[in-house]
Every structure is written in C-alpha cells, then in structure tokens.
Amino acid sequence: MRALVTRLDSFGDVLLAGPAVRAVAARADHVTLLCGPHGAPAARLLPGVDEVIVWESPWTGFRPPPVDRDDIGKLVASLDADAALVLTSFHQSPLPTALLLRLAGVPFIAADSEDHPGSLLDVRHHRAPHAHEAEAALDLAEAAGFPRVDDGRLRVLPPPAADALTGDRPYVVVHPGASVPARAWSPGRCAQAVRELTAAGRRVVVTGGAGERDLTAYVAGGRALDLGGRTDAPRLAGVLAGADCVVAGNTGPAHLAAAVGTPVVSLFAPVVPAERWRPYGVPHLLLGDQDAPCAGSRARRCPVPGHPCLDTVTALDVVAAVDKLVEVA
C-alpha cells in the first residue's frame with residue numbers, strides 16, 4: 001500500500017505529525033509526506049518518510065499564494081496513493097486538501113472534520129476536545145486503520161554530532177526568535193536571561209535562523225556562544241540534543257527539542273492554547289500568563305500594549321525554571 005500524509009503548514013506542525021507518520025509507515029509499503037516549504041526541513045527529519053513532496057497551498061501560511069490552476073493541476077497529476085491522512089490544526093479545514101486528493105484519484109481519505117464533507121472523506125473523524133496536536137493526529141491515524149506502534153513521542157532521525165559547533169558540554173540553549181511575533185519573548189528579556197544564566201554559572205548557546213543574526217548577536221551579548229544563522233535543521237537538532245535544557249517560545253525549535261528528548265522551558269504566549277501546542281513528551285515548564293487578554297486570539301502581533309503575557313516573565317524566572325528542569329533530568 002502506498003500512503004500519503006499531508007501537513008501543509010509550519011516546521012513545528014510537521015514535527016508534531018511525526019508519531020502519526022510512524023503509525024502509517026508501520027502498515028504501508030511507501031509513505032509520502034506532502035508539506036509546505038516551511039515544513040519541508042522537518043519532513044526530511046521524520047522516521048518513516050520515504051518521499052517528501054513540497055507544495056505551497058493557497059489556504060495555509062501567513063502569505064499564501066494565489067490560486068493557480070496550472071500549479072494545482074501539476075500537483076494533482078503528481079499524487080499517487082492508495083490511502084491518505086489529511087492532518088490539520090484544530091482550527092483548519094481539511095476539505096480543500098481532500099478535494100485535490102479526490103481529483104488525484106486517491107480512493108481512501110481520512111481527516112478530522114467538523115464541516116460536512118460530502119463525498120470527500122471516507123473517514124470523518126471528530127477529534128477529542130482539548131487534545132494535543134500530536135495526540136489528535138495519532139487518534140485520526142488509528143481511526144483510519146493505522147494504530148500507534150510505539151510510545152507516541154516526537155522523534156527525528158539521529159542528528160549529526162554538534163560538538164564542533166557548540167564546544168564542550170554542558171550548555172543551555174536560548175532560542176529567542178519565533179515565526180509569529182506575538183509568541184516571542186522580547187529581545188531585552190532574552191538578553192537579560194542570558195546574563196543571569198551565565199552569572200549563575202551556566203554556559204549558554206544562542207540559536208536562530210539566517211534572518212535572525214542581529215537578534216542572536218544582541219541576545220548573546222558577548223557572553224554566550226552565538227550560532228545565529230549557522231545551523232540547518234539537522235545541525236540544530238544536534239545542538240538541541242546536546243543541551244541540558246532549551247529556553248524557547250512556542251515555535252518550531254521547541255518541538256525539535258522535544259523530538260530529541262531535551263527538556264524545554266516554554267515561554268508560551270496564550271494566543272493559541274498551550275494544551276494543544278505545549279512541548280510534547282518531555283519534561284517542560286510553561287512560563288507566561290495563560291489567562292492574558294490575548295488568550296485564544298491567534299493574533300500574530302500582540303494586541304495588548306506591553307506584551308504582558310510574556311514580558312511579565314523575568315530573567316530570574318527563567319533561571320529558576322532551567323535549574324528545576326536540569327535537576328529533574
């Protein structure tokens with residue numbers, strides 16, 4: 001059987017699909033993962049994936065492309081599967097993707113859907129209220145005939161050793177950036193945390209993408225090792241795997257840390273629910289006011305002056321959380 005799993009949005013979303021992908025791979029001869037460009041680096045890290053198809057959909061992402069009939073036609077012509085699992089976030093509809101899969105001739109399609117799917121779905125599943133995204137994906141896979149085969153934790157392929165980048169252990173990673181500004185702790189607070197962590201005797205490594213070099217340099221402040229722009233997805237996985245703890249917002253690297261088994265201090269802005277998006281399967285501590293006025297708003301930029309949900313968290317709060325997690329680990 002050739003199986004197709006779709007998860008069309010971000011890096012972290014694709015990582016959270018990993019346990020469901022492994023469940024599908026245990027019953028399928030070949031697994032293709034259809035994902036967007038931001039999720040592709042994560043897709044290539046997942047065990048059980050034989051092929052990755054990258055396609056930018058007009059109904060996901062922050063800057064979706066216009067609908068292009070030729071582009072959609074090429075995608076439909078490229079898809080070949082006996083069964084498909086359409087994974088979406090709790091607030092997304094799977095039906096546009098399901099329609100394309102039907103046009104591609106996929107005979108069996110399963111998805112979570114509150115909207116009436118007509119003839120687009122063979123399994124219309126209703127996710128459990130308040131389910132974490134990773135659990136919801138596993139539940140859907142089981143309803144579609146792909147029961148879980150392991151402990152269901154996040155996993156990636158073994159990452160390369162990062163010693164050449166990080167130097168000697170031990171160290172703590174601080175990842176200050178986030179794809180959504182409302183989910184990021186302020187740069188000033190991050191820099192304070194680096195100062196306090198180093199003052200407490202911790203060695204700190206600051207990570208960030210190619211477009212975040214100015215941010216990571218500021219946060220590192222000459223006290224921490226600045227790896228901004230120096231890690232692709234596999235190398236970042238290696239850096240996170242070697243850390244005692246990772247300090248990050250609700251962003252992809254927090255889920256990558258969970259996938260390599262590293263505890264996470266999660267600076268979690270409640271614009272999306274922590275119960276669905278918290279670090280999964282590893283020791284973690286949530287910092288941030290989960291009852292702030294922005295809760296559940298899905299805002300990209302903080303709608304409340306002063307960003308109180310996160311900026312009420314102090315650097316000393318982070319130091320205490322790191323100490324607690326490292327002691328537990």
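Position 1 is the first residue of the sequence, and the numbers go up from there.
- Ion pairing between a basic and an acidic side chain is recognised when a charged N comes within 4.0 Å of a carboxylate O; Asp150 and Arg22 show such pairing.
- With hydrogens and angles left out, the side-chain atoms of Asp9 and Thr60 include no donor and acceptor closer than 3.5 Å.
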How far apart are the C-alpha atoms of Thr216 and His175, what are their side-chain angles, what is the distance that settles it, and do they pass the side chain to side chain contact (heavy atoms under 4.5 Å, CB included) test? CA-CA 8 Å; Thr216 60; His175 187 89; over 6 Å; no
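- Using a 4.0 Å cut-off between charged side-chain N and carboxylate O, Asp244 and Arg169 make no salt bridge.
- Checked for salt-bridge contact, Lys74 and Asp71 miss the test: no charged N lies under 4.0 Å from a carboxylate O.
- Residues Ser266 and His284 bring no donor and acceptor atom of their side chains to less than 3.5 Å of each other.
- For the 3.5 Å distance criterion, the side chains of His125 and Asp112 qualify, holding a donor opposite an acceptor.
- Looking only at distances, a side-chain donor or acceptor of Asp317 sits under 3.5 Å from a matching main-chain atom of Thr314.
- Leu154 and Val49 fall into different hydrophobic clusters, where Ile, Leu, Val, Met, Phe, Trp and Tyr side chains are chained together by heavy-atom contacts under 4.5 Å.
- A salt bridge does not link Asp115 to Arg124: none of the charged nitrogens lies less than 4.0 Å from a carboxylate oxygen.
- Inspection of the His132 and Glu275 side chains reveals no N or O donor paired with an N or O acceptor under 3.5 Å.
- Hydrophobic clustering (ILVMFWY, side-chain heavy atoms < 4.5 Å, transitive): Leu15 and Val246 are in one cluster.
- Electrostatic pairing of Arg2 and Asp80 counts as a salt bridge here, judged by a charged N lying under 4.0 Å from a carboxylate O.
- Checking each of Leu267, Val272, Thr251 against Arg183 for a side-chain contact (heavy atoms from CB on, under 4.5 Å) leaves exactly one that passes, namely Val272.
- In this structure, a donor-acceptor pair under 3.5 Å is present between the side chains of Ser89 and Arg7.
- Taking the charged nitrogens against the carboxylate oxygens, Arg148 and Glu135 do have a contact shorter than 4.0 Å, which makes a salt bridge.
- Using modelled atom types and a 3.5 Å distance limit, the side chains of Tyr280 and Glu133 yield no donor-acceptor pair.
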